[in-house]
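Presented below is the structure to which this report refers.
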Amino acid sequence: MNDGRALQVSNVILSGMAGLASFVFSLAVFIHIKELDGQILASIVAGLFCLMICYAASERPDASSAKAMASLAQRLLAVEDGDLTSPPPDALRRSNPKLAAAVDTLFEEVRASIENAHALGMYDPVTSLPNRLHFRSEADKLLGAPDAGLAAMMFIDLDRFKAVNDCLGHARGDQLLVMVANRLRVVVTAEMGERNMARPLLARLAGDEFTLFFPELESVADIEMVARRIALAISDPFELNGHNIDIGASVGVALAPAHGDTVEQLMRAADLAMYQAKARGGGQYCLFTADLAAEHQRRKDVEQALTDIVARGQLRLALQPQMSLVTGEVSGVEALLRWQHPIDGVRLPGTFIPIAEQSGAMAEIGDWVLTHCASILAGWMRQGVNRRLSINVSPRQIDRVDFFTRLRHIFAEHDVPLSMIELEFSEGAVMECSEAELAEIAALRSEGASIALDDFGTGFSNIARLRTMPVDRVKLDQTLIADIETSEQARIVVQALVHLIKGVGCAIVAESVENAAQADLLRAMGCDSVQGYVFAGPMSEDEFAHWSAHNDREARSAA
């Protein structure tokens with residue numbers, strides 16, 4: 001083969017090898033690390049054999065070059081056994097030094113590609129911390145050590161990180177994650193020096209979640225101190241692009257072997273503890289306990305039971321009248337949900353509705369409530385009773401794109417006009433409604449439905465927005481009413497709220513009124529209606545029918 005032809009063939013082979021190296025790196029990035037090497041090496045062997053065939057076909061090899069190619073084939077077969085360091089055979093170097101040099105270059109690039117792929121597969125590209133895969137692998141090794149003693153798993157979840165992404169964008173959010181990672185590094189380094197503890201594993205799991213594993217601890221007090229300092233460190237504002245960012249962190253801690261002896265068990269326990277810290281308001285730590293585990297199990301049991309609560313026919317409605325403080329007549333009735341539990345008996349909404357909202361069971365439960373209320377109203381209409389029924393609406397129901405359509409359809413099926421229903425939305429839910437959702441509520445109101453704002457006084461109400469919202473009645477929460485007999489400040493607050501609510505054109509219903517003294521004070525303040533045991537508590541449908549008939553007879557007699 002002349003020099004020109006040899007150069008041409010070598011260039012072709014070099015180009016092919018460069019492409020193969022690029023392919024190997026791309027393959028490495030997307031293949032799971034545990035399967036990485038074998039698939040890459042197989043690709044190398046197959047690719048190089050193809051290149052050898054191309055070379056052999058380009059020129060008739062003589063005996064020496066044929067021997068060289070055979071020795072290269074043997075060298076390539078060694079790649080499948082993991083040999084990426086041995087040089088090309090001497091016979092190849094003598095016969096075709098440029099091809100030998102190209103093979104050297106390829107092996108160097110493949111080794112670098114595998115190292116880069118390992119780095120990409122084992123480290124978080126934003127913070128450069130170990131990722132979930134790396135963390136679990138290393139923590140598992142430390143837990144399995146024969147001399148493993150007291151250890152701890154820590155989960156760290158940023159409290160208000162989503163708002164940063166929403167307001168400043170994901171690029172600024174990534175910058176904040178880097179800053180958080182650096183603060184965690186500083187705290188860990190300081191604690192190692194102060195407490196003479198082994199270096200913990202610090203990792204970013206995903207999103208705004210970080211984790212720490214402490215393989216050696218002298219006491220539980222040590223890890224609680226570290227958790228407290230981490231919560232304090234993250235609570236300090238971050239300076240980001242001219243903004244002071246105040247986020248905070250919720251920290252959950254689990255101990256080994258007390259709370260588990262595997263990575264999965266400890267991570268699950270620390271995660272539960274972290275959510276408990278977040279439920280307490282965030283910005284603090286929580287140590288996993290047996291009570292927390294029991295509560296989690298109870299919650300799981302409730303979630304499981306809620307999946308077929310409607311099919312099992314375990315839901316009930318209790319009815320509680322609202323009484324007018326002006327006329328003394330029944331001004332409305334509220335439908336209150338109950339769970340007839342086969343073991344626990346009657347369970348109130350607070351024991352299962354929050355779980356239903358988070359688990360996704362609220363949609364079916366909400367449909368049952370609407371359908372059953374429509375059936376009750378249809379029965380009242382047949383009896384000639386014209387009475388408003390108040391129905392509580394969950395925020396999760398509003399989230400459904402078809403909620404308002406389904407509501408209209410259910411009452412239309414029962415021939416019940418919307419003028420007979422009052423929809424109660426919690427204060428927080430209404431304040432967070434989108435403009436489109438408020439428009440849907442306003443449309444229902446224009447079709448005859450009444451709208452009530454429930455639990456008023458438990459959140460941060462925007463009075464200015466209340467003025468423009470489609471609301472007919474505001475229900476004062478029981479926490480505002482409880483002390484009005486004995487506390488002048490409580491009376492001042494209620495009186496001020498009555499003036500404000502009346503000022504925006506809404507009627508007022510006071511909830512959980514327990515005695516006549518409270519009712520008299522509320523009447524004097526200008527409250528329209530009350531609901532509570534002062535007149536009647538929640539009762540079954542049959543009980544309400546008897547109570548209502550008796551009340552109507554008394555009203556007629558008084559007239």
Does a donor on one side chain sit under 3.5 Å from an acceptor on the other, for [X] and [Y]?
{"X": "S512", "Y": "Q478", "answer": "yes"}
{"X": "D454", "Y": "S426", "answer": "no"}
{"X": "R387", "Y": "S548", "answer": "yes"}
{"X": "T127", "Y": "D124", "answer": "yes"}
{"X": "N515", "Y": "E485", "answer": "yes"}

Minimum heavy-atom separation for [X] to [Y], with atom names?
{"X": "W547", "Y": "M539", "answer": "CB-SD, 3.7 Å"}
{"X": "S446", "Y": "A443", "answer": "OG-O, 2.6 Å"}
{"X": "L521", "Y": "I484", "answer": "CD1-O, 3.6 Å"}
{"X": "Q304", "Y": "D308", "answer": "O-OD1, 4.2 Å"}
{"X": "A270", "Y": "F155", "answer": "O-CB, 3.8 Å"}

Sequence-distant partners of K502, side chain to side chain contact (heavy atoms under 4.5 Å, CB included), two or more places apart: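 Listed in chain order: V498, I508, D528.
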
E303/K300 ion pair, N-O < 4.0 Å: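 The answer is no: the pair does not qualify as a salt bridge.
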
Electrostatic pair D157:K278 at N-O distance under 4.0 angstrom: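 Yes, D157 and K278 are salt-bridged.
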
Run the side-chain hydrogen bond (donor to acceptor under 3.5 Å, both in side chains) test against [X] and tell me which residues pass, sequence neighbours left out.
{"X": "Q518", "result": "none"}
{"X": "T211", "result": "none"}
{"X": "R396", "result": "D399"}

Name the atoms and distances for all side-chain donor-acceptor pairs under 3.5 Å in residues 370-384, with sequence neighbours left out.
from, atom 1, to, atom 2, distance (Å)
T371, OG1, D367, O, 2.8
H372, NE2, E541, OE2, 2.7

May I ask you to test the [X]-[Y] pair for a side-chain heavy-atom distance under 4.5 Å?
{"X": "I245", "Y": "L168", "result": "yes"}
{"X": "M362", "Y": "I353", "result": "yes"}
{"X": "D271", "Y": "M274", "result": "yes"}

Taking [X] for its side chain and [Y] for its backbone only, find out whether a donor-acceptor pair lies under 3.5 Å.
{"X": "Q276", "Y": "L272", "result": "no"}
{"X": "E364", "Y": "A361", "result": "no"}
{"X": "R204", "Y": "G207", "result": "yes"}
{"X": "D159", "Y": "A249", "result": "yes"}
{"X": "S359", "Y": "I355", "result": "yes"}

Pairs touching residues 368-378 that satisfy salt bridge (charged side-chain N to carboxylate O under 4.0 Å, His left out), sequence neighbours left out: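 Residue pairs passing salt bridge (charged side-chain N to carboxylate O under 4.0 Å, His left out), neighbours aside: none found.
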
Pairwise salt bridge (charged side-chain N to carboxylate O under 4.0 Å, His left out) hits with a residue in residues 250-268, at least two apart: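 Sorted pair list: R136-E264.
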
Neighbour count >12 (heavy atoms, 6.0 Å) for atom CZ, R160: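 Yes, enclosed.
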
E488, CD: over 12 other non-hydrogen atoms inside 6.0 angstrom: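 12 or below, so no.
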
Name each donor-acceptor pair under 3.5 Å that joins a side chain in residues 316-325 to protein atoms two or more places apart or in another chain, with its distance.
from, atom 1, to, atom 2, distance (Å)
R316, NH1, G313, O, 2.7
Q320, OE1, Q531, NE2, 3.1
Q320, NE2, A536, O, 3.1
Q322, OE1, R388, NH2, 3.3
Q322, NE2, Q531, OE1, 2.9
S324, OG, V326, N, 3.2
S324, OG, T327, N, 3.1
S324, OG, T327, OG1, 3.3

Pairs meeting criterion ring-ring contact (aromatic ring centres under 6.0 Å, His included) with involvement of residues 244-281, two or more places apart: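 Those involving residues 244-281 are H259-F288.
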
Lys/Arg cation over aromatic F238: R183, 6.0 Å, 45° cone: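 Yes, R183 and F238 form such a contact.
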
Test ring pair (Phe, Tyr, Trp, His ring centres under 6.0 Å) applied to F210 - qualifying residues, sequence neighbours left out: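 Scan of F210 (ring pair (Phe, Tyr, Trp, His ring centres under 6.0 Å), adjacent residues dropped) gives none.
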
Qualifying residues under ring pair (Phe, Tyr, Trp, His ring centres under 6.0 Å), relative to H341, sequence neighbours excluded: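 Partners of H341 under the ring pair (Phe, Tyr, Trp, His ring centres under 6.0 Å) test: W339.
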
D291: salt bridge (charged side-chain N to carboxylate O under 4.0 Å, His left out) partners, not counting sequence neighbours: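 D291 satisfies salt bridge (charged side-chain N to carboxylate O under 4.0 Å, His left out) with no other residue.
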
side-chain contact (heavy atoms from CB on, under 4.5 Å) evaluation trace for L184 with I234: CA-CA 8 Å; L184 292 175; I234 305 303; 4.3 Å; yes

